[in-house]
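Quick note: numbers below take in every heavy atom, side chains included, and nothing from hydrogens, waters or symmetry partners.
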Amino acid sequence: MKMKISLATGSLSVLLAVALLAGCGKKETEEQPAASAPAAAPASTPIDPATAASVSGTVKFDGAAPKPAKIDMSQDSNCQGSNTAENIIVSGGHLENVFIYVKEGLGNRSFDVPKDAVTLTQSGCRYRPHVIGVMAGQTIKIINGDPTTHNIHPTPKDNREWNESQAPQAAPIEKTFAREEILLPVKCNQHPWMRMFVNVVKSPFYAVSGPDGKFEIKGLPPGDYTIAFVHEKLGEQDQKVTLAAKDSKTVDVTFKPGT
């Protein structure tokens, strides 16, 4: 009789333990938070093309332009010819490779990231172009057009650093930068003279001055803006401009040696 009571008590204990375990497991399952859905990209802010305005102008250089430094490419026989540095290029008093963008005035507007990639080519052991602009998240397609291996190495402050080799005739390398960053330097570890700058911005309103110093930014909504002019050696100048509907304003700036 005592044995029966003992067995019954033991069976009851086992059943209670199983029930408790089942209850705990159920509780843990119920308390697990549901997986959050990925955040949707903010909808772009529409701009009425009937009211869109533009800013254009010329970037000038006042004074004697410094003589471009000669580049010695003799360390690699696949790099043809002599060359000169691109840090200050002046032609007829016009300054090339100035990055111009809307620095302030767009508020909380958001814009669709372009689907088309911006192409950066390595040709003649140089980066071409020397200065580019892209929107955050836009693809940069990097091509090696030289008969030698290059090593592309961006050194950003606010974005992810990477370092990748690219052999001759290799497939293009495609990269993006997630955060806004002006004058993000890119170098080649194989050829120390190779250097260029990527400018990552949040809007499509930017330009790079050409050999004639000219630029144009189209499609802006009416408003008050700060336009920034940025050069790798000569620094930054900011200009204020107010654009009415369908307005077209001219904004010229002048850089001087050592500014």
Side-chain angles (χ1 to χ4, degrees), residues 42 44-63 65 86-114 116 118 129-138 140 156-159 177 179-185 196-259:
S44 61
T45 307
I47 295 172
D48 183 358
T51 63
S54 66
V55 176
S56 61
T58 304
V59 184
K60 302 175 183 179
F61 187 86
D62 182 15
E86 298 174 292
N87 48 19
I88 299 180
I89 300 179
V90 178
S91 177
H94 301 131
L95 184 60
E96 189 174 350
N97 289 329
V98 175
F99 184 70
I100 304 109
Y101 73 106
V102 175
K103 185 176 181 179
E104 296 175 354
L106 291 169
N108 295 323
R109 287 179 177 269
S110 59
F111 303 91
D112 291 330
V113 177
D116 294 336
V118 174
H130 181 67
V131 174
I132 64 172
V134 295
M135 281 186 65
Q138 185 177 7
I140 301 174
K157 293 180 180 178
D158 302 320
N159 285 277
F177 293 102
R179 299 176 183 84
E180 186 173 54
E181 184 168 349
I182 305 302
L183 289 184
L184 191 164
M196 63 84 58
F197 293 89
V198 175
N199 296 275
V200 188
V201 288
K202 296 177 181 178
S203 85
F205 302 119
Y206 63 84
V208 179
S209 64
D212 56 2
K214 294 187 180 302
F215 74 93
E216 185 175 21
I217 299 175
K218 298 179 179 180
L220 279 161
D224 298 319
Y225 297 104
T226 299
I227 310 295
F229 298 77
V230 189
H231 187 271
E232 63 185 272
K233 289 292 185 182
L234 303 175
E236 177 178 329
Q237 293 191 37
D238 293 348
Q239 295 283 342
K240 302 284 188 180
V241 62
T242 297
L243 297 175
K246 298 183 179 181
D247 216 349
S248 179
K249 290 285 181 69
T250 298
V251 178
D252 297 332
V253 298
T254 301
F255 286 86
K256 295 181 179 182
T259 59

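When all heavy atoms of P222 and A244 are compared, the closest pair comes out as CB-C, 3.9 Å. A pairwise comparison of heavy atoms in K256 and D62 identifies CE-OD2, 3.4 Å as the closest pair. Here the shortest heavy-atom pairing between V253 and F255 reads CG2-CE1, 4.1 Å. Considering every non-hydrogen atom in both V200 and L184, the closest pair reads CG2-CD1, 4.4 Å. Taking both residues in full, the closest heavy atoms of P185 and L183 are given as CD-O, 3.2 Å, listed atom of the first, atom of the second, then distance. Closest approach of F215 to A207, counting heavy atoms only: CB-CB, 4.1 Å.
Side chain of S209 to backbone of V98: a donor-acceptor contact under 3.5 angstrom is found. Between the side chain of D252 and the backbone N or O of G57 there is no donor-acceptor pair closer than 3.5 Å.
Partners of S248 according to the side chain to side chain contact (heavy atoms under 4.5 Å, CB included) rule, which considers only residues two or more places apart in sequence or in another chain, are S54. With sequence neighbours excluded, no residue forms a salt bridge (Lys or Arg N to Asp or Glu O under 4.0 Å) with D212. A search for side chain to side chain contact (heavy atoms under 4.5 Å, CB included) contacts involving V118 returns I132, V134, Q138, not counting sequence neighbours. Take A65 and apply the side chain to side chain contact (heavy atoms under 4.5 Å, CB included) test, not counting sequence neighbours, and it matches F61, V90. Every residue meeting the side chain to side chain donor-acceptor pair (under 3.5 Å) condition with D224, not counting sequence neighbours, appears here in chain and number order: T242. By the ring pair (Phe, Tyr, Trp, His ring centres under 6.0 Å) test, Y225 pairs with no residue at all, sequence neighbours left out. Residues meeting the side chain to side chain contact (heavy atoms under 4.5 Å, CB included) test with K249, sequence neighbours left out: V241, L243, D247. Not counting sequence neighbours, the partners of E86 by the side chain to side chain donor-acceptor pair (under 3.5 Å) test are R126, H130. Under the side chain to side chain donor-acceptor pair (under 3.5 Å) criterion, N159 pairs with E181, sequence neighbours left out.
Note that CZ of R109 is 10.5 Å distant from OG of S203, once rounded to the nearest 0.5 Å. Distance check, rounded to the nearest 0.5 Å: CD of E232 to CZ of F197 gives 4.5 Å. Here the straight-line distance linking atom CZ of F177 with atom CD1 of I140 works out to 5.0 Å at 0.5 Å rounding.
Aromatic rings of F99 and Y206 (six-membered ring for Trp) have centroids within the 6.0 Å cut-off, being under it. The aromatic ring centroids of F205 and F111 lie less than 6.0 Å from each other.
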Item to complete: Would you sort out whether V131 and N199 count as a side chain to side chain contact (heavy atoms under 4.5 Å, CB included), showing the intermediate values?
Response: CA-CA 8 Å; V131 174; N199 296 275; 3.5 Å; yes
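Of the residues listed (T254, L234, I89), the one engaging L95 in a side chain to side chain contact (heavy atoms under 4.5 Å, CB included) is L234, and it is the only one.
Among residue pairs with one or both ends in residues 87-105, those qualifying as side chain to side chain donor-acceptor pair (under 3.5 Å) are K103-E236, K103-D238, E104-T226; sequence neighbours excluded.
Two residues are said to be in side-chain contact when any heavy atoms from C-beta on lie closer than 4.5 Å; S56 and K214 fail this criterion. No side-chain heavy atom of V208 sits under 4.5 Å from any side-chain heavy atom of I100.
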